[in-house]
Structures are given as structure tokens and as C-alpha cells.
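For the numbers below, each heavy atom of this structure counts, side chains included, while hydrogens, waters and symmetry mates do not. What you see is a predicted model; the values in this text were computed from it and never measured.
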Amino acid sequence: TFELFVPLIVAAIIDNGIDGKSKSFIINMGLLLLALAAVGLLCSVTAQFFAAKAAIGFCTDLRAALLKKIQSFSYTALDALGVSGLITRMTSDINQIQTGVNLSLRLLLRSPFVVFGAMIMAFTIDTRCALIFAGVIVLLCAVVFSIMLASIPKYRKVQAELDGVTGAVRENLAGVRVLRAFCREEEQIRTFDRRSEKLLGLQINAGKLSALMNPLTLIIINAAVIILLQSGAIRVDSGSLTQGQVVALYNLMAQILVELI
């Protein structure tokens with residue numbers, strides 16, 4: 001909420017303070033901006049503390065429950081599931097869940113509020129320019145979700161290969177004496193390197209697709225900014241908008257970009 005008010009205060013500084021040559025107004029609004037920043041920082045730190053506490057606490061309980069469940073499996077079930085896969089579930093997967101819970105509490109709940117809040121604030125400034133926001137948000141959501149959906153199968157392959165690497169490590173640790181006895185160290189090193197390179201290739205392949213997110217969102221937002229400034233300049237010239245309102249609309253667009261990234 002504090003961040004959404006900032007562009008309106010900046011607009012007031014430009015339109016009322018700078019154009020009106022009122023130093024006292026500029027100073028008062030500047031102090032208000034500092035107050036909003038301080039309170040926003042306090043809220044952010046508090047949210048991060050409790051998000052981290054909740055994520056770690058949740059995953060601690062989840063890991064304990066998972067271990068208890070695994071201990072109840074028969075040997076047949078353990079063989080069917082694969083010990084290496086279960087190790088991955090207990091370590092890498094739960095760490096991913098921990099990060100996911102933290103980001104969900106800290107960012108996923110916040111970002112839609114800011115994105116759609118910025119669009120609503122834009123409509124309160126100027127309806128015609130706000131239609132640009134509506135179109136951009138729809139386009140950005142389509143791009144983001146398309147990349148996410150396309151990435152899911154690739155990350156599934158990465159997960160499966162990670163299980164294989166974990167299995168290779170476990171086998172080498174369990175059979176280290178046998179490997180030494182039969183002088184099979186070099187062969188096992190080559191096998192591990194081959195699996196690691198395959199995992200690396202899959203991760204790079206998935207990462208290339210995910211990496212498209214930033215440039216595509218930047219292109220869309222910057223194109224929208226160009227359209228916004230062009231249409232805003234015409235409306236300022238005709239007296240329908242003030243310079244401060246155009247700056248406020250630009251700042252709201254920038255906030256949408258930051259939140260989506």
C-alpha cells in the first residue's frame with residue numbers, strides 16, 4: 001500500500017511543489033516519502049522474518065513426517081521407490097519446498113496486490129492511459145504462465161536425473177571397499193562424470209527457457225512505457241493530463257515490472 005502511494009506523492013511534488021514553486025510543500029512531501037520508506041522497510045523486514053520462520057518450521061515438520069513415513073515402508077516398497085529417490089526427496093526436494101513457501105509468503109502474496117493495485121491506481125489517474133496497463137498485464141501474465149508451463153516438463157527430467165546422480169554417489173559410498181578391491185575407481189569416476197554432464201545439460205536446457213522471462217517482460221514493459229509516454233505527452237499538450245500524472249503512471253508501470261520479475 002505504501003509503495004502504491006509513492007507515485008501519487010511524486011506527482012503532487014511535480015505538479016504542486018515544483019510548478020507552484022513551493023519549497024515547503026516539496027520538503028513536507030519529501031519527509032512523507034521518507035516516512036513511507038521507513039515504515040515499508042519495517043514491514044518488509046518483519047514479513048521476511050516470519051516468512052523464513054514459517055518456511056523452516058513447516059519443512060522441519062514435513063521432513064520429520066516424511067522420515068516417519070519412509071521408516072514404515074517394507075523392503076519391497078523401498079526397492080520399488082528407490083533409496084536414491086527417497087534421499088533426494090528428503091534433501092533437495094524439501095529444500096525446494098522451503099524456498100517455495102518462503103517466496104510464496106513473501107512475494108507471491110504481495111506481487112498480485114501491487115500489480116493489480118498499480119492498475120487500479122492508474123485508472124484513478126487517467127482511464128485512457130490505464131487501458132495500456134490492462135493490456136500489458138494480460139500480455140505479461142500470458143508470457144509468464146506460458147514459460148512456466150513449458151518449463152515444468154524440463155524440470156521433471158532434471159529431477160529424474162538428479163535421482164540418478166544421487167544414486168551413483170550412494171552406490172560408490174556403499175561399495176567403496178569393493179571398488180578398491182577390483183580397481184574400478186576410474187570406471188566409476190567416468191560413470192559419475194557422464195551422469196553429472198547429462199544433469200548439467202538438462203539444467204542448462206531448462207534454464208535457457210526460464211531465462212527468456214526477464215528479456216521478454218522487459219521488452220513488453222519498455223514498449224508499453226514508450227506508448228504511455230507518447231500518448232501521455234499528447235494529453236499533457238492538450239491539457240488533459242499534468243506532467244506529474246504522466247510520471248506517476250510511468251512509476252506505476254515500473255512497479256509492475258519489478259513485481260513480475
**Student:** To the nearest 0.5 Å, tell me how far Ile227 CD1 sits from Leu131 CG.
**Tutor:** 12.0 Å
**Student:** Hydrophobic cluster membership, with links at side-chain heavy-atom distances under 4.5 Å among I/L/V/M/F/W/Y: are Met213 and Leu209 in one?
**Tutor:** yes
**Student:** Are the side chain of Thr166 and the backbone N or O of Leu162 linked by a donor-acceptor pair below 3.5 Å?
**Tutor:** yes
**Student:** I would like to know whether Ile70 and Arg89 meet side chain to side chain contact (heavy atoms under 4.5 Å, CB included); could you show each step before the answer?
**Tutor:** CA-CA 11 Å; Ile70 291 170; Arg89 301 295 93 76; 5.8 Å; no
**Student:** So do the side chains of Met121 and Leu249 get within less than 4.5 Å of each other, counting heavy atoms only?
**Tutor:** no
**Student:** Step through the shown structure and confirm whether more than 12 heavy atoms of other residues, nucleotides or ligands are within 6.0 Å of CZ on Phe73.
**Tutor:** yes
**Student:** With a 3.5 Å distance limit and no angle check, can you tell me whether Arg170 reaches the backbone of Val83 through a side-chain donor-acceptor pair?
**Tutor:** no
**Student:** Are Met29 and Ile18 connected in a single hydrophobic cluster, I mean Ile/Leu/Val/Met/Phe/Trp/Tyr linked by side-chain heavy atoms less than 4.5 Å apart?
**Tutor:** yes
**Student:** Does Ala233 offer a backbone N or O that forms a donor-acceptor pair with the side chain of Asp237 under 3.5 Å?
**Tutor:** no
**Student:** Is it the case that one hydrophobic cluster holds both Val143 and Met253, taking links as side-chain heavy atoms less than 4.5 Å apart, direct or via other members?
**Tutor:** yes
**Student:** Would a distance-only check, ignoring hydrogens and angles, find a side-chain to backbone donor-acceptor pair under 3.5 Å from Asn172 to Ala168?
**Tutor:** yes
**Student:** If hydrophobic clusters are built by linking Ile, Leu, Val, Met, Phe, Trp and Tyr wherever their side-chain heavy atoms come under 4.5 Å apart, do Val176 and Val169 end up in the same one?
**Tutor:** no
**Student:** Do Tyr250 and Phe123 sit in the same hydrophobic cluster, where Ile, Leu, Val, Met, Phe, Trp and Tyr count as joined when their side-chain heavy atoms come under 4.5 Å apart?
**Tutor:** yes
**Student:** Quick check: do Phe116 and Ile137 have side-chain heavy atoms less than 4.5 Å from each other?
**Tutor:** yes
**Student:** Between the main-chain N or O of Ala55 and the side-chain N or O of Asn102, is there a donor-acceptor pair closer than 3.5 Å?
**Tutor:** no
**Student:** Looking only at non-hydrogen atoms, find the nearest pair between Ser240 and Ser238 and report the distance.
**Tutor:** OG-OG, 3.2 Å
**Student:** Quick one: does Thr46's side chain get under 4.5 Å of Phe50's, heavy atoms only?
**Tutor:** yes
**Student:** With no hydrogens and no angle check, is any side-chain donor or acceptor of Ser146 less than 3.5 Å from a backbone partner on Ala142?
**Tutor:** yes
**Student:** State which residues pass salt bridge (charged side-chain N to carboxylate O under 4.0 Å, His left out) with Lys198; sequence neighbours excluded, sorted by chain then number.
**Tutor:** Glu161
**Student:** Do Lys154 and Val158 have side-chain heavy atoms sitting under 4.5 Å apart?
**Tutor:** no
**Student:** Spell out, as yes or no, whether a donor-acceptor pair under 3.5 Å connects the side chain of Ser210 to the backbone of Gly207.
**Tutor:** no
**Student:** Got a sec, which residues hit salt bridge (charged side-chain N to carboxylate O under 4.0 Å, His left out) with Arg235, two or more places apart in sequence or on another chain?
**Tutor:** Asp126
